[in-house]
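First comes the structure, then the notes that go with it.
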Number of protein chains: 2
Amino acid sequence: MQGISGDTLRGHLESLVLSVLERGPAHGLEVLRRLEEAGCGSLKLKEGTLYPALYRMEESGLLKAEWEDSPERKRGPRRRIYRLTPKGKRQLAAGRVKWQEFVEVIGGILGAAT
Amino acid sequence: MQGISGDTLRGHLESLVLSVLERGPAHGLEVLRRLEEAGCGSLKLKEGTLYPALYRMEESGLLKAEWEDSPERKRGPRRRIYRLTPKGKRQLAAGRVKWQEFVEVIGGILGAAT
DNA sequence: CGAGATACCTTGCATGTCTATATATTTAGA
DNA sequence: TCTAAATATATAGACATGCAAGGTATCTCG
């Protein structure tokens, strides 16, 4: 099993990002870690995929990003913290509905053995 | 609801085509009709998407195509009849397994919240 | 200093779907 | 016989997005 990536993932990445950010704000690599963990090792996702996605989502108003600049943390480079906007939350809810429809339709055609 | 198409569909079309061809050989527009019907109106799929997909699948050995040339039918232009190859059947089986994993992983991440 | 870890960023490419249009064949109709 | 409609295949061009591969910057530690 080579995991979920590429064309299969396409069109679902934004919902995944929104979903893990629902647990709370996070910076890029943290989003990556959450996805990796939640995907039980099946999700193969690279930085070169994630960062552009984050920018797109910020640009379209789904996320709001801020440079972490607290004096408490001075170790390592600055991080960019992403959090859901109200619009992002709405799109996440819509994405879940779409996902349900998607699973029913495609699964139905594939003749889901279940 | 604008239906399932574009990036959402990407990476799943081949399995869908294999699946409807499992019922029996069919020509292009017939495949389209079967998908439309099986998709309960949620599948928005155009010829410009299907034909290139059929060619790819023929080229990679998943399908075998023949020009219909039977004397019985002389109405309308010639049709190209596609049928599953053994390789196509194997890939359909594999695609169903992958679909299960896909649904579990993505659905798990999208649904795990609350 | 240099190595390593962390974090962010960018370029260029591959690929599959979509839009739109073109062509060919047959039937029906005036 | 000319035209329109229905059927069926074909393809060019545009585009979005995930990916590979590389780069930059900051901090810690030996």
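Worth knowing before you read on, the calculation uses all heavy atoms, side chains too, and leaves out hydrogens, waters and symmetry mates. Chain identifiers are assigned alphabetically (A, B, ...) following the order of the sequence lines, protein sequences preceding nucleic acid strands; residue numbering begins at 1 within each chain.
A distance of 12.5 Å separates CG in A:Leu35 from OG in A:Ser42, rounded to the nearest 0.5 Å. Residue A:Thr8 holds its OG1 atom at 9.5 Å from CD of B:Glu101, rounded to the nearest 0.5 Å. Note that CG of A:Leu92 is 10.0 Å distant from CG of A:Leu62, once rounded to the nearest 0.5 Å.
Residue B:Tyr51 places no side-chain N or O under 4.0 Å from the OP1 or OP2 atom of D:dA10. The phosphate of C:dC9 has OP1 or OP2 within less than 4.0 Å of a side-chain N or O from A:Tyr55.
Aromatic ring pairs are classed by plane angle as parallel below 30°, tilted from 30° to 60° and perpendicular above 60°; the pair B:His12 and A:His12 is perpendicular.
Summarising the geometry, the separation between CZ on A:Arg80 and P on C:dT10 is reported as 11 Å, rounded to the nearest angstrom. For the pair A:Glu68 CD and D:dC27 P, the interatomic distance rounds to 12 Å; values are reported in whole Å.
Remark: B:Ser5 pairs with B:Lys44 by the side-chain contact (heavy atoms from CB on, under 4.5 Å) rule, at least two apart or across chains. B:Lys46 pairs by the salt bridge (Lys or Arg N to Asp or Glu O under 4.0 Å) definition with nothing, not counting sequence neighbours. Applying the salt bridge (Lys or Arg N to Asp or Glu O under 4.0 Å) rule to A:Glu47 yields no partners; only residues at least two apart in sequence or on another chain are considered.
Taking the charged nitrogens against the carboxylate oxygens, B:Arg83 and B:Glu22 have no contact shorter than 4.0 Å, which rules out a salt bridge. By the 4.0 Å N-to-carboxylate-O rule, B:Glu66 lies close enough to B:Lys64 to be salt-bridged with it.
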Query raised in the report: What string of B, S and - do you get for nucleotides 13-23 of chain C, 5' to 3', if B is base contact, S is sugar-phosphate-only contact and - is no contact with any protein heavy atom under 4.0 Å?
Result: --BBSBBB---
Requested in this report: Please report the C-alpha distance between B:Glu30 and B:Arg34 in whole Å, then the side-chain angles of each, then the deciding distance to 0.1 Å, and finally whether the salt bridge (Lys or Arg N to Asp or Glu O under 4.0 Å) criterion is met.
Outcome: CA-CA 6 Å; B:Glu30 171 67 15; B:Arg34 289 185 188 176; 3.2 Å; yes
Query - Residue pair B:Tyr82, B:Glu58: steps toward the side chain to side chain contact (heavy atoms under 4.5 Å, CB included) verdict - result: CA-CA 8 Å; B:Tyr82 294 89; B:Glu58 185 184 1; 4.1 Å; yes
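When each of C:dC9, D:dT26, D:dA10 is scored by its nearest atom to the side-chain atoms of A:Tyr82, the top-ranked nucleotide is C:dC9.
Helix bend of the helix from C:dC1-D:dG30 to C:dA30-D:dT1: the angle between its two end axes, each built from five pairs, comes to 10° after rounding to 10°.
Heavy-atom distances under 4.0 Å link DNA chain D to B:His27, B:Gly28, B:Leu29, B:Arg33 of residues 25-34 of chain B, given in residue order.
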